Peer 1: 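The following block contains the structure, expressed as structure tokens.
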Number of protein chains: 2
Amino acid sequence: MELDERKLKILQAIIRTYLDTGEPVGSRTISKYSELNLSSATIRNEMADLEEMGYILQPHTSAGRIPSDKGYRLYVDTMMEAKESEVNSLKEELEEKAGRVDDVLKQVAKFLAANTNYATMVSGPKYQSKRVKFIQITSVDEEHLLAVIVLDNNSVKNQMIRVDEAVEAEVLLKLNFILNTTLNGLDVVEMNLALIQRIKEQMETHTQVIDSVLEVIGKTLLENDDPEIYTSGTTNILKYPELADKSKAAEIISAFEDKETFHSWLGLSDREMGNDTHDIQVYIGDENNVASMRDCSMVTATYQIREGVYGKIGIVGPKRMDYDKVVGTLNSLMGQLDDIFKEK
Amino acid sequence: MELDERKLKILQAIIRTYLDTGEPVGSRTISKYSELNLSSATIRNEMADLEEMGYILQPHTSAGRIPSDKGYRLYVDTMMEAKESEVNSLKEELEEKAGRVDDVLKQVAKFLAANTNYATMVSGPKYQSKRVKFIQITSVDEEHLLAVIVLDNNSVKNQMIRVDEAVEAEVLLKLNFILNTTLNGLDVVEMNLALIQRIKEQMETHTQVIDSVLEVIGKTLLENDDPEIYTSGTTNILKYPELADKSKAAEIISAFEDKETFHSWLGLSDREMGNDTHDIQVYIGDENNVASMRDCSMVTATYQIREGVYGKIGIVGPKRMDYDKVVGTLNSLMGQLDDIFKEK
DNA sequence: GTTAGCACTCATCAGAGTGGAGTGCTAATT
DNA sequence: AATTAGCACTCCACTCTGATGAGTGCTAAC
């Protein structure tokens with residue numbers, strides 16, 4: 001059986017109507033759908049075909065049809081018309097409070113949730129490499145040294161080090177010099193025993209201090225810095241009857257609360273990144289690789305703060321989410337985010 | 001009318017039973033309650049009195065009674081017997097991953113949620129004063145200075161500063177000396193124009209750099225550092241039918257998501273702190289000053305990391321939460337937390 | 001003061017009946 | 001050959017009903 005133009009039109013009509021109403025749509029409804037002047041009986045025959053082909057389902061005999069995942073997929077791939085929705089207000093809102101990047105992202109999550117009525121998730125930017133650019137050890141008071149480490153992405157880490165007795169200024173000076181010349185440009189895995197031995201030899205004395213210092217450097221570099229994840233509007237899930245079932249809703253909302261769920265998912269996209277578009281993707285039902293979202297759809301987009309520093313935005317809703325609007329909103333938003341980050 | 005011993009016993013029996021079952025308890029149930037050998041008719045009379053006094057309510061005629069807020073309050077104040085519950089497993093769990101303080105707190109939130117089946121919230125420690133202990137400006141590369149500021153609570157802040165041209169080492173040396181001598185021990189409000197003018201005069205040149213540096217220092221000190229708030233188990237709310245109503249549940253869960261709700265509430269406790277106990281408090285229904293929690297009870301405790309550095313733990317559940325267990329668990333937990341923080 | 005007994009109230013549940021939306025099939029129409 | 005009208009049928013959703021049972025308040029007896 002072939003998916004001719006008429007079938008496509010009918011399928012589209014079914015999906016559009018279902019997205020609107022959330023209720024199974026019957027043949028008569030479609031028959032009245034202006035464009036195609038067909039009787040309900042004809043539609044019924046076509047619907048039977050569409051069902052056989054797997055694009056639509058019947059919740060039970062004598063009910064209307066609803067789109068299947070396959071149907072949604074076809075819709076998203078070929079029939080969607082992204083609505084150019086306006087997100088002007090966002091920019092204004094942001095300009096005011098535009099503090100640090102994470103403030104912006106928090107706002108974005110909130111804004112999207114409020115505007116779409118779905119649950120949203122925004123990951124903080126993910127930096128890739130972790131090479132040391134600059135290290136400095138300073139004496140803060142008699143008992144504390146402060147280690148400051150700047151990485152090549154200009155992110156800064158610091159850590160207090162407790163010492164038993166004050167360390168003299170010239171020792172620190174020497175230590176700093178050695179650390180910087182030896183470790184500069186290195187990744188944590190490149191800091192091997194040989195290097196460490198060399199540092200110790202050069203310093204001759206104060207091995208205890210050096211030990212703590214090196215330990216701190218290692219720890220700091222290894223420190224997991226999974227990007228922060230900001231969520232908003234998770235309770236919007238409860239607005240959609242097909243998800244509001246207690247156990248389902250709990251599962252989904254928990255996934256948002258326990259943000260680690262998203263880390264695995266964020267990791268995946270590392271390799272597929274690259275094309276310069278904002279890379280908007282739609283995952284329908286089982287296409288989500290997070291099990292608890294099997295009854296949802298998720299639309300994601302990738303934003304870029306600068307070369308090599310990117311993050312993700314995700315919108316989660318029922319399968320019958322308004323894809324056109326969501327994709328439109330994201331599209332428009334991404335443009336604005338680009339502007340905002342360019343200014344910084 | 002007086003609240004004699006028998007009435008108290010009956011009230012206690014009603015509340016205990018209701019906490020257990022969650023269903024209105026009738027006179028016959030209480031009559032069978034071993035200790036007091038009274039017929040249901042007698043109980044009924046007493047119940048009528050208790051209702052008149054406002055300790056219990058009838059959801060509708062011909063239903064059993066449920067405790068009123070006033071009843072719960074009486075129970076919590078005078079009849080509760082904190083169960084010494086074991087939270088040994090926590091300590092073990094923590095020892096392993098005992099990384100930074102915030103990791104510990106995150107774990108605590110999770111642990112409590114899992115163990116109590118209520119929603120939990122743990123605020124990060126709140127530092128009180130914000131005096132500068134140490135400032136250092138360093139040159140990272142040609143275009144970037146790095147400002148590191150250590151506060152008197154040993155927390156460290158840092159911020160990159162972009163400059164147009166490299167700043168020479170001796171200038172930085174001088175700047176650091178001046179900044180430290182001038183600003184040391186000061187609060188942000190004490191850094192007035194006169195001081196700033198003095199710094200500028202001493203430096204003579206490089207006013208532009210100084211301007212940015214001072215701006216950064218000011219911003220950094222003012223930066224809101226409302227403590228982080230970790231939540232867990234918010235979806236537990238859905239387990240309690242009296243809260244699982246969609247709009248109620250959404251309100252409560254949103255409050256947890258939008259953590260700012262708790263900030264106002266955390267602030268309040270500033271003044272009432274001080275007694276050396278762990279200060280466990282129970283807020284029932286309308287006693288919560290967060291409106292969205294009017295149908296919940298919340299049990300809070302205060303932990304202390306060290307002198308003057310404390311945070312809060314909150315457990316939110318239905319009014320018929322198991323106060324005995326929750327208070328017991330918190331009590332035991334607080335002891336363990338003390339140990340853990342002492343080690344650090 | 002306590003209790004047994006009784007009439008009464010009200011929520012909950014199961015079953016029956018109804019209406020409506022929608023289908024699939026067949027026969028008639030174009 | 002494709003389309004349509006018509007009809008019997010299915011199934012959900014809703015309402016109404018009566019039965020059940022838990023629980024009460026009151027009265028009169030103990």
Side-chain angles (χ1 to χ4, degrees), chain A residues 1-11 13-15 17-18 20-68 71 241-242 244-245, chain B residues 1-11 13-15 17-18 20-68 71 241-242 244-245:
Chain A
M1 201 176 324
E2 208 201 339
L3 202 58
D4 56 19
E5 181 145 357
R6 196 171 73 176
K7 282 195 172 53
L8 275 176
K9 269 197 177 143
I10 293 175
L11 179 58
I14 293 173
I15 297 182
T17 317
Y18 184 69
D20 237 38
T21 65
E23 272 167 20
V25 347
S27 53
R28 228 177 91 78
T29 315
I30 300 303
S31 148
K32 281 182 292 188
Y33 206 86
S34 56
E35 285 190 75
L36 3 88
N37 284 310
L38 294 172
S39 78
S40 59
T42 312
I43 305 287
R44 277 202 287 284
N45 291 328
E46 296 287 47
M47 278 174 146
D49 291 352
L50 284 170
E51 181 163 6
E52 201 181 326
M53 288 189 268
Y55 293 108
I56 53 181
L57 307 166
Q58 226 173 350
H60 57 84
T61 16
S62 91
R65 306 303 214 288
I66 61 173
S68 68
E242 63 264 53
D245 163 77
Chain B
M1 201 175 324
E2 209 202 338
L3 203 58
D4 57 18
E5 182 145 357
R6 196 172 72 176
K7 283 195 172 54
L8 276 176
K9 270 198 178 142
I10 293 175
L11 180 58
I14 294 173
I15 297 183
T17 318
Y18 184 68
D20 236 39
T21 65
E23 272 168 20
V25 347
S27 52
R28 226 176 94 78
T29 316
I30 300 303
S31 147
K32 279 182 292 187
Y33 206 87
S34 54
E35 285 189 74
L36 4 86
N37 283 310
L38 294 172
S39 79
S40 59
T42 313
I43 304 287
R44 276 203 287 286
N45 291 327
E46 295 287 45
M47 278 175 149
D49 292 351
L50 283 170
E51 180 164 7
E52 201 182 326
M53 289 188 269
Y55 291 109
I56 52 181
L57 305 168
Q58 226 174 349
H60 57 84
T61 16
S62 92
R65 306 302 214 286
I66 61 172
S68 68
E242 64 265 52
D245 162 76

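Quick caveat: nothing in here was measured; it's all calculated off a predicted structure. Quick note: numbers below take in every heavy atom, side chains included, and nothing from hydrogens, waters or symmetry partners. Here is the naming used below: chain letters follow the sequence lines, and residue numbers restart at 1 for every chain.
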Peer 1: Specify the separation, in whole Å, of atom CD of B:E2 and atom P of C:dG1.
Peer 2: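 My rounded result for the distance is 14 Å.
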Peer 1: Under 4.0 Å: is that the gap between some side-chain N or O of B:R65 and OP1 or OP2 of D:dG25?
Peer 2: yes
Peer 1: Can you check whether A:S40 has a side-chain N or O nearer than 4.0 Å to OP1 or OP2 of D:dT4?
Peer 2: no
Peer 1: Just distance, no hydrogens or angles: give the donor-acceptor pairs under 3.5 Å from side chains in residues 42-50 of chain A, sequence neighbours left out.
Peer 2:
from	atom 1	to	atom 2	distance (Å)
A:T42	OG1	A:S39	OG	3.3
A:R44	NH1	A:S27	OG	3.2
A:R44	NH1	A:S40	OG	3.4
A:E46	OE1	A:K7	NZ	3.0
A:E46	OE2	A:R6	NE	2.7
A:E46	OE2	A:R6	NH2	2.7
A:D49	OD2	A:K7	NZ	3.3

Peer 1: Round to a whole Å and report the spacing from CD of A:E23 to P of C:dG20.
Peer 2: 16 Å
Peer 1: Mind listing the residues from residues 42-59 of chain B sitting with a heavy atom below 4.0 Å of DNA chain C? Number order is fine.
Peer 2: B:T42, B:R44, B:N45
Peer 1: Are any protein N/O atoms closer than 3.5 Å to N/O atoms in nucleotides 10-16 of chain D? If there are, list each pair with its distance.
Peer 2:
from	atom 1	to	atom 2	distance (Å)
D:dT10	O2	A:S62	OG	2.8
D:dC11	OP1	A:T61	OG1	3.3
D:dC11	O4'	A:S62	OG	3.2

Peer 1: Going by side chain to side chain donor-acceptor pair (under 3.5 Å), name the residues that satisfy it together with A:E242, two or more places apart in sequence or in a different chain.
Peer 2: A:R320
Peer 1: Rounded off to whole Å, could you give me the CG-to-P distance for the A:N37 and D:dA5 pair?
Peer 2: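 Answer to the nearest Å: 12 Å.
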Peer 1: Enumerate all atom pairs, one protein N or O and one N or O from nucleotides 14-18 of chain C, separated by less than 3.5 Å.
Peer 2:
none

Peer 1: Both B:G64 and A:R6 contact DNA chain D. Which one's nearest nucleotide lies toward the 5' end?
Peer 2: A:R6
Peer 1: Quick one: label B:A63 by what it contacts on the DNA or RNA (base, sugar-phosphate, nothing), any heavy atom closer than 4.0 Å.
Peer 2: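 Sugar-phosphate only.
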Peer 1: Please name all residues satisfying side chain to side chain donor-acceptor pair (under 3.5 Å) with A:D20, sequence neighbours left out, ordered by chain then number.
Peer 2: none
Peer 1: Under the side-chain hydrogen bond (donor to acceptor under 3.5 Å, both in side chains) definition, can you give me all pairs with a residue in residues 54-65 of chain A, not counting sequence neighbours?
Peer 2: A:E51-A:R65
Peer 1: What's the CZ-P distance between B:R28 and C:dG5, to the nearest Å?
Peer 2: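 These atoms are roughly 13 Å apart.
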Peer 1: To the nearest angstrom, how far is B:L38 atom CG from D:dC30 atom P?
Peer 2: 20 Å
Peer 1: Using the side-chain contact (heavy atoms from CB on, under 4.5 Å) criterion, which residues pair with B:S68? Sequence neighbours excluded.
Peer 2: B:L57, B:K70
